[in-house]
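Quick note: residue numbers are just sequence positions, from 1.
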Amino acid sequence: MICDATGIPLAVTLTGGNRNDVTQLMPLLEAIPSIRGKRGRPRKRPKEVYADRGYDHDCYRRQVWAKGIKPVIARRGTEHGSGLGTKRWVVEQTIALLHWFGRLRIRWEARDDIHEAFLKLACSLICWRRLRPC
């Protein structure tokens with residue numbers, strides 16, 4: 001899942017439980033929709049990407065740099081306390097919001113397309129709740 005600084009999910013994919021998360025980094029970055037509303041060409045990619053230590057691979061860092069995005073990823077093997085937690089908690093909060101939906105907390109569906117549909121529906125409900133005027 002990729003979300004913006006306020007916790008609104010921008011792109012989400014579903015993978016198997018035994019897959020490494022870093023394999024979905026580039027497809028998620030390509031799945032971010034363009035941002036409309038300002039004059040000129042709509043912005044398609046973020047300025048920076050914050051990620052935890054699981055995404056610390058030099059080949060993926062180079063691919064992110066090649067897209068014009070600055071990767072801010074904690075290095076493996078270093079002490080904790082890099083300060084990324086002050087920005088990364090937004091993603092963890094959005095994942096916690098997804099766990100409000102019981103079907104996503106425990107996977108009951110045998111078919112992955114149905115589970116992905118519920119995942120995208122939950123993301124759209126989170127977006128609607130965050131963006132609606134009170």
Side-chain angles (χ1 to χ4, degrees):
M1 168 188 307
I2 285 190
C3 65
D4 68 352
T6 60
I8 296 174
L10 298 176
V12 65
T13 59
L14 181 68
T15 61
N18 56 352
R19 298 255 331 250
N20 195 349
D21 290 341
V22 75
T23 59
Q24 295 303 307
L25 178 62
M26 298 313 290
L28 279 174
L29 286 175
E30 293 168 3
I32 296 175
S34 58
I35 302 168
R36 298 186 182 138
K38 294 184 178 181
R39 293 183 137 204
R41 185 173 39 157
R43 186 158 181 80
K44 180 73 174 163
R45 60 182 179 257
K47 294 178 185 174
E48 297 175 331
V49 171
Y50 293 92
D52 59 1
R53 295 171 197 275
Y55 294 89
D56 181 30
H57 296 279
D58 287 334
C59 65
Y60 290 105
R61 282 182 189 267
R62 285 191 294 271
Q63 289 177 14
V64 172
W65 270 116
K67 286 190 141 307
I69 303 169
K70 179 183 176 187
V72 183
I73 303 171
R75 292 275 182 193
R76 287 180 287 174
T78 60
E79 287 190 29
H80 292 279
S82 63
L84 280 177
T86 59
K87 308 245 188 231
R88 275 250 334 125
W89 70 271
V90 178
V91 177
E92 302 299 332
Q93 178 193 22
T94 307
I95 291 171
L97 289 176
L98 286 174
H99 286 186
W100 282 357
F101 302 96
R103 284 184 172 252
L104 297 178
R105 194 175 320 125
I106 299 173
R107 184 172 172 175
W108 297 103
E109 291 84 19
R111 293 177 42 194
D112 58 348
D113 58 341
I114 295 174
H115 189 73
E116 186 175 12
F118 279 121
L119 179 65
K120 291 185 178 184
L121 181 63
C123 286
S124 63
L125 284 173
I126 290 171
C127 289
W128 180 70
R129 289 176 182 167
R130 293 271 176 133
L131 297 175
R132 73 175 174 187
C134 292

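One finds the CZ atom of R53 at 12.0 Å from the CD1 atom of I73 (value rounded to the nearest 0.5 Å). Taken to the nearest 0.5 Å, the CZ atom of R132 stands 13.0 Å off from the SG atom of C127. To the nearest 0.5 Å, the span separating CE on M1 from CD on E92 amounts to 10.0 Å.
R75 pairs by the salt bridge (charged side-chain N to carboxylate O under 4.0 Å, His left out) definition with D56, D58, not counting sequence neighbours. Residues satisfying the side-chain hydrogen bond (donor to acceptor under 3.5 Å, both in side chains) test with Q63, not counting sequence neighbours, are none. Residues passing the side chain to side chain contact (heavy atoms under 4.5 Å, CB included) test with R130, sequence neighbours excluded: I8, Q93, L97, I126. Considering only residues two or more places apart in sequence or on other chains, D4 meets the side-chain hydrogen bond (donor to acceptor under 3.5 Å, both in side chains) condition with T6.
Screening residues 114-127 for salt bridge (Lys or Arg N to Asp or Glu O under 4.0 Å) gives E116-K120 as the qualifying pairs, with residues at least two apart or on separate chains.
Here the side chain of R45 pairs no donor or acceptor atom with the backbone of I69 at under 3.5 angstrom.
Summarising the hydrophobic clusters (Ile, Leu, Val, Met, Phe, Trp, Tyr; side-chain heavy atoms under 4.5 Å, direct or chained), the residues clustered with W65 are none.
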Which donor-acceptor pairs under 3.5 Å do the side chains of residues 22-32 make with protein atoms, sequence neighbours left out?
unit_1: T23; atom_1: OG1; unit_2: R19; atom_2: NH2; d: 3.3
unit_1: T23; atom_1: OG1; unit_2: N20; atom_2: O; d: 2.7

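Taking the side chain as every heavy atom from C-beta outward, L121 and F101 never approach each other to under 4.5 Å.
Between C123 and L98, the shortest heavy-atom contact is SG-CD2, 4.0 Å. In terms of heavy atoms, C3 sits closest to T94 at SG-OG1, 4.0 Å.
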